[in-house]
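What you see is a predicted model; the values in this text were computed from it and never measured. Values below: every heavy atom of this structure, side chains too, minus hydrogens, waters and symmetry copies.
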There are 2 protein chains.
Amino acid sequence: MASITIIDIAKMCGVGVTTVSRAINNHPDISEETKAMIMKVIKENHYVPNNSARNLKRSASKTIAVLIKGITNPFFNRMIQVFEKEIKRKKYSFILQRVDEHQDEIEVAIELEKEKRLKGIVFLGGYFSHSKEKLEQLTVPFVLSTIGMAPEFDPTEFSSVSVDDFKESYKIVDFLCSLGHRKIAIITAPMDDVSIGKLRYEGYKKALEDRGLQVDSRLVCSMKDHLESYSMENGYVVTKDLLESGEPFTALFAVSDSLAVGACKAIFESGKHVPGDYSVAGFDGLDIAYYYNPSITTIRQPVEEIAEETLRILFDLINKKQSHSHKIFPGELMIRESTARI
Amino acid sequence: MASITIIDIAKMCGVGVTTVSRAINNHPDISEETKAMIMKVIKENHYVPNNSARNLKRSASKTIAVLIKGITNPFFNRMIQVFEKEIKRKKYSFILQRVDEHQDEIEVAIELEKEKRLKGIVFLGGYFSHSKEKLEQLTVPFVLSTIGMAPEFDPTEFSSVSVDDFKESYKIVDFLCSLGHRKIAIITAPMDDVSIGKLRYEGYKKALEDRGLQVDSRLVCSMKDHLESYSMENGYVVTKDLLESGEPFTALFAVSDSLAVGACKAIFESGKHVPGDYSVAGFDGLDIAYYYNPSITTIRQPVEEIAEETLRILFDLINKKQSHSHKIFPGELMIRESTARI
DNA sequence: TTGTAGGCGTTATCAC
DNA sequence: GTGATAACGCCTACAA
């Protein structure tokens, strides 16, 4: 049962461990023959170096970790692909680490940094509200990507890439207004939430106000706590409640495309039509918003660009080419079938 | 910069490293006071034990790894949640490891087993066709979950949990036949593929044959290689091609719900209706199949049950309560709006 | 080009 | 209840 070690290999080959180590790690100072011979023995005996030992000894490794909160979010799929491709292209290795909803991503990051001797970290998703003290324990560069940020944060202490959730939300709600809608409902995060849900709600509020419209609290619907947040099911249940309340409205802005899909379903089940009876708008620009029937008006986030820029900044940070920077990408209003003039 | 170690903490506390180690790891042989004192110092100095060193030294750790191929598949989301919950409930820790499409999951598993001293492994997704020799290098118990399997495998050498893709596929195609459809197209994996796509295709073939129908190769559509497999986009593009080919058909079976969604979109764009002009059926039982408009007839895989059974078997294996076993769950035919009598 | 030996940070063994 | 000390498996000066 005892696993085979580098020493065993060395003995079998009749060489020293150093030589074996050189063979494994493609070091220059080794003759082709001995290397080939060693590799052959390694293959035959299925020797696999122990990563823990390597990481322990190694002072630094060329690896980037991406910590992602809410991995169920299809929005991240495309981003992950870009991250993986780009990181590999730079000859770094790539670790994807899921962070639980209730877990503290900084703590996970600190631990991982020590364990894997990371060169850099990308935080994806979730909301960022950590003490400066904690942030300082992170000794490698990191970038926050598509993360809602507490405004009180000092922008000189970190880097970030995202869209302006407030502004984009404003944009799409304003678009609904421009279609003549005056009673616009919203499905958003619970009020005690401090994430992008909140930012998008603020955009909604401001857009209405600028149009001289009152925010009607009866049309402000919070996602259900006991259901997965931002899910289709959540949108469905919330919309069902709204429809049953009898509160009149003509348009509905869901702060994510998945919520919008669920909302449409609830509307169909009540015998109504989209956009005939209700206009529905989403947010994010997921594939499903395009493929849904009707296709759903939404704000498309430029995921590829966001991912690429995130890495560009991270590598600049790693190479000390620059200090912290913040990049805001514009979202794109995708006008589709789910919204209509009133 | 140099990280703080257990020795530093020991010195600061005026105790030996052993004692600190005991405090960290909740060992019994330590007084409450010293433990509290040590923990306080640890907190104050933000000491975080180095995982590599722990793993290196530890003989065994209570951790289960789930290796997942194709993490973009929303089908796995629910399963992962179950895994995480159950594994935590058993006081094990949980590692989710993504495996790249082209990566060999067994190699990843072997490496991870050594690095993290795993107690067990769950393989999720992909197709399993590894040599016995390689499998034997895995010294910890493992279970294959929802994985297509080469039939030539010796069932006494591993455990598995899944639905019978062949049978379920047969079931839904037979259902389409029972509605009077005789020209049934299929969107499936490329013919050189050896995954569940192939099994589902075989079920389709058999169902038609048993109904005395010919498999019309012009109605057998393969997913595009250059697009993400099983994606909505793939279903969309393939269906567009099929419609443009002018080949007559009245029903379409897509081997995944996402493909089915894309297919519906293509049909709508051509000015046709579902199920008025074409019946469409999917496979998997994703949320979106229910929320889509029209809701999509599909085979629902009992994901929770599959996940739970997977762990039950794995833990039985770990506790030596049993040897390899195979569990096949029945899928459930969900008859919805996207299919109609011809 | 190759081998020897020390140490990475932790836990386990065994004394006290 | 507590503390030295030897591993764990590998990498890397340094020596040969």
**OP:** Any pair with a residue in residues 43-81 of chain A that passes ring-ring contact (aromatic ring centres under 6.0 Å, His included), sequence neighbours left out, goes on the list, sorted by first then second residue, please.
**Re:** none
**OP:** Could you list all the ring-ring contact (aromatic ring centres under 6.0 Å, His included) pairs where at least one residue sits in residues 80-105 of chain B, not counting sequence neighbours?
**Re:** Tyr92(B)-Phe315(B)
Subject >> Non-neighbouring partners of Leu138(B) that pass side chain to side chain contact (heavy atoms under 4.5 Å, CB included), sequence neighbours left out >> reply: Ile106(B), Ala109(B), Ile110(B), Glu113(B), Ile121(B), Phe123(B), Phe142(B)
Subject >> Residues forming a side chain to side chain contact (heavy atoms under 4.5 Å, CB included) with Arg78(B), sequence neighbours excluded >> reply: Gln81(B), Val82(B), Val303(B), Glu304(B)
Original post:
To 10°, what angle do the rotation axes through the five end pairs on each side of the helix from dT1(C)-dA16(D) to dC16(C)-dG1(D) form?
Top reply: 40°
Original post:
Under the side chain to side chain contact (heavy atoms under 4.5 Å, CB included) test, which residues partner Lys88(A), sequence neighbours left out?
Top reply: Glu84(A), Asp100(B)
**OP:** Would you please name every residue forming a side-chain hydrogen bond (donor to acceptor under 3.5 Å, both in side chains) with Glu33(A), sequence neighbours left out?
**Re:** none
**OP:** Mark up nucleotides 9-16 of chain C, 5' to 3', with B wherever a protein heavy atom is under 4.0 angstrom from a base atom, S wherever such an atom reaches only the sugar-phosphate, and - elsewhere.
**Re:** BBBBBB--
Original post:
Under the side-chain hydrogen bond (donor to acceptor under 3.5 Å, both in side chains) test, which residues partner Ser323(A), sequence neighbours left out?
Top reply: none
**OP:** For the residue pair Leu144(B) and Val161(B), establish whether any side-chain heavy-atom pair is separated by less than 4.5 Å.
**Re:** no
Subject >> Span of DNA chain D in contact with chain A (heavy atoms, under 4.0 Å) >> reply: dG9(D) to dA13(D)
Subject >> Those residues that, when tested against Lys114(A), pass side-chain hydrogen bond (donor to acceptor under 3.5 Å, both in side chains) (two or more places apart) >> reply: Ser3(B)
Original post:
Which residues satisfy the side-chain hydrogen bond (donor to acceptor under 3.5 Å, both in side chains) test with Glu105(A), sequence neighbours excluded?
Top reply: Lys69(A)
